[in-house]
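As structure tokens, the structure follows; a few thoughts come after it.
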Protein chains: 2
Amino acid sequence: MDNLQMAPIIIGKLLNISGMLQRHSNNITQPFGLNQQQFTIFFEIANAGKVKQKDMVNRLLLEKAHVSKVVKKLHKMELITITTSDEDKRSAWLAPTPEGKKILKKCRGEFRKWHKEWTEAFDDKQLNSILENISHLQAVFEDKLIGGNL
Amino acid sequence: MDNLQMAPIIIGKLLNISGMLQRHSNNITQPFGLNQQQFTIFFEIANAGKVKQKDMVNRLLLEKAHVSKVVKKLHKMELITITTSDEDKRSAWLAPTPEGKKILKKCRGEFRKWHKEWTEAFDDKQLNSILENISHLQAVFEDKLIGGNL
DNA sequence: CTTTTTTAGTTGCCAAGGAAACTATATTAA
DNA sequence: TTAATATAGTTTCCTTGGCAACTAAAAAAG
């Protein structure tokens with residue numbers, strides 16, 4: 001099979017896999033009142049400790065409008081605090097609340113269970129190879145799709 | 001790095017990649033009045049030549065409600081024909097119209113251009129490795145996520 | 001300084017797509 | 001043959017998230 005025949009199959013499978021992943025991730029995060037994307041944003045906030053919306057947009061390559069709405073939701077759920085900064089009054093610092101940290105820990109535990117389960121089907125070498133391949137793909141697509149033209 | 005550390009990174013990157021892919025695919029299909037998912041369904045119909053909605057649902061693992069709506073749209077756009085079958089009056093055969101085939105060909109051409117571009121960043125061996133890894137992932141997730149419990 | 005431009009975030013609008021309830025036909029069981 | 005169940009597809013409701021227009025503040029240009 002030559003490269004051009006493989007390309008659409010690879011893309012198709014990636015889209016298919018991510019559909020399954022999203023649906024499953026949603027199922028994991030749903031009990032916590034969040035979906036996968038929302039949880040990712042929450043997770044990034046907690047991981048960074050103190051960030052602005054702008055950072056989320058840059059790091060996760062999401063729509064700023066979308067991030068804004070999710071931040072609102074997280075705040076309403078009292079999972080994060082929003083502290084207006086003095087240096088730049090346009091933006092505010094985001095940080096997880098103690099309650100938020102608790103939720104996060106629980107949810108990460110659920111994810112860990114699942115990860116434990118599916119990684120059983122692979123050995124170390126395979127996982128390393130997968131990680132390497134996917135990182136390469138990610139770098140190329142980021143370059144071609146974001147940096148490149150669009 | 002051990003397996004459990006790699007797992008969330010792999011999942012995260014997969015989700016990130018697929019986000020980029022979806023956005024880019026949408027840009028390719030948009031001029032034809034379709035989005036990526038809609039095009040995938042259309043493509044499946046054309047590929048099979050003659051199918052029922054049920055087949056799409058099984059093959060693409062999509063919501064039947066969603067497929068139903070997309071089929072309606074494709075029919076309205078006169079890209080497919082819907083022929084009620086005599087054997088089973090609940091379902092109808094779907095097939096691409098000549099116009100639909102033309103659109104499909106053009107759109108596939110656009111995809112081919114893009115595939116040509118991004119595959120340049122990889123050699124044969126890498127692409128083969130990627131395809132192998134991704135196929136394995138797909139099989140495992142299908143098994144664990146669909147067959148398994150959820 | 002004042003004006004222009006850029007940046008951070010918000011809001012409103014709309015299509016996409018998931019979930020559930022529903023309709024109509026087919027299949028199975030009694 | 002009739003009643004119960006299963007299947008194909010539709011409709012409805014609702015959340016999500018992309019896009020564009022907007023506000024307010026900051027930075028750059030004049």
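In the text below, chain A, chain B and the rest are named by the order of the sequence lines, each starting its count at 1.
In this entry the distance linking NE2 of His66(A) with C1' of dT15(D) reads 11 Å, nearest Å. Atom-to-atom, NZ of Lys54(A) to P of dA26(D) comes out at 13 Å; the value is rounded to the nearest Å. If you measure from atom CG of Leu21(B) to atom P of dG18(D), you get 14 Å, rounded to the nearest angstrom. Across the protein-nucleic acid pair, Lys52(A) atom NZ and dT7(C) atom P stand 15 Å apart, rounded to whole Å. Taking atom CD on Gln37(B) and atom C1' on dT16(D), their separation rounds to 14 Å, with Å as the unit. Straight-line distance from the CD atom of Gln36(A) to the C1' atom of dG17(C): 15 Å, rounded to whole Å. Atom pair His75(B):NE2 and dG9(D):C1' shows a separation of 15 Å (rounding to whole Å applied). Atom P of nucleotide dT16(D) and atom CZ of Arg23(A) are separated by 17 Å, given to the nearest angstrom.
Mapped onto DNA chain C by nearest heavy atom, Gln38(B) and Lys64(A) fall at different nucleotides, with Lys64(A) at the one closer to the 5' end.
The aromatic rings of Phe42(B) and Phe39(B) sit perpendicular to each other, their planes meeting at more than 60°, with 30° as the lower class boundary. Aromatic ring orientation, Phe122(A) versus Trp118(A): perpendicular (interplanar angle above 60°, classes split at 30° and 60°).
The residue Glu63(A) sits close to a base: some heavy atom pair falls under 4.0 Å. Residue contacts shown for Glu87(B) are limited to sugar-phosphate atoms, with no base heavy atom under 4.0 Å away.
Every pair passing side-chain hydrogen bond (donor to acceptor under 3.5 Å, both in side chains) that includes a residue from residues 68-83 of chain B is listed here, sequence neighbours excluded: Gln38(B)-Lys73(B).
Between Gln36(A) and Thr40(A), the side chains place a donor N or O and an acceptor N or O closer than 3.5 Å (distance only, hydrogens not considered).
Comparing atom distances between the Ala65(B) side chain and each of dA20(D), dA19(C), dG18(D) picks out dA19(C) as nearest. Residue Arg90(A) places its side chain closer to dA25(D) than to any other of dA25(D), dG9(D), dT10(C). Taking every side-chain heavy atom of Asn35(A) into account, dG17(D) is the closest of dA26(D), dG17(D), dG9(D). In this structure, the nucleotide among dG17(C), dA26(D), dA8(D) sitting nearest to the side chain of Lys89(A) is dA26(D). Here dC13(C) is the nucleotide among dA8(C), dT16(D), dC13(C) with the atom lying nearest to any side-chain atom of Lys69(A). For Ser91(A), taking side-chain heavy atoms from C-beta onward, the closest of the listed nucleotides dG18(C), dG12(C), dA8(C) is dA8(C).
For the helix from dC1(C)-dG30(D) to dA30(C)-dT1(D), the axis fitted to the five pairs at one end and the axis fitted to the five pairs at the other end meet at an angle of 20° (nearest 10 degrees).
For Gln53(A) and dT7(C), the shortest distance from a side-chain N or O to OP1 or OP2 is not below 4.0 Å.
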Does the side chain to side chain contact (heavy atoms under 4.5 Å, CB included) test come out yes or no for Ile9(B) and Ile134(A), once each step is laid out? CA-CA 10 Å; Ile9(B) 299 178; Ile134(A) 289 179; over 6 Å; no
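Formation of a donor-acceptor pair under 3.5 Å by the Asn16(B) side chain with backbone atoms of Gly12(B) is not found in this model.
Between Ile10(B) and the choices Leu21(A), Thr119(A), Leu131(A), Asn133(A), the side chain to side chain contact (heavy atoms under 4.5 Å, CB included) rule is met once, by Leu131(A). Test Glu117(B), Lys116(B), Glu110(B) against Lys113(B) for side chain to side chain contact (heavy atoms under 4.5 Å, CB included) and you get one pass: Glu110(B).
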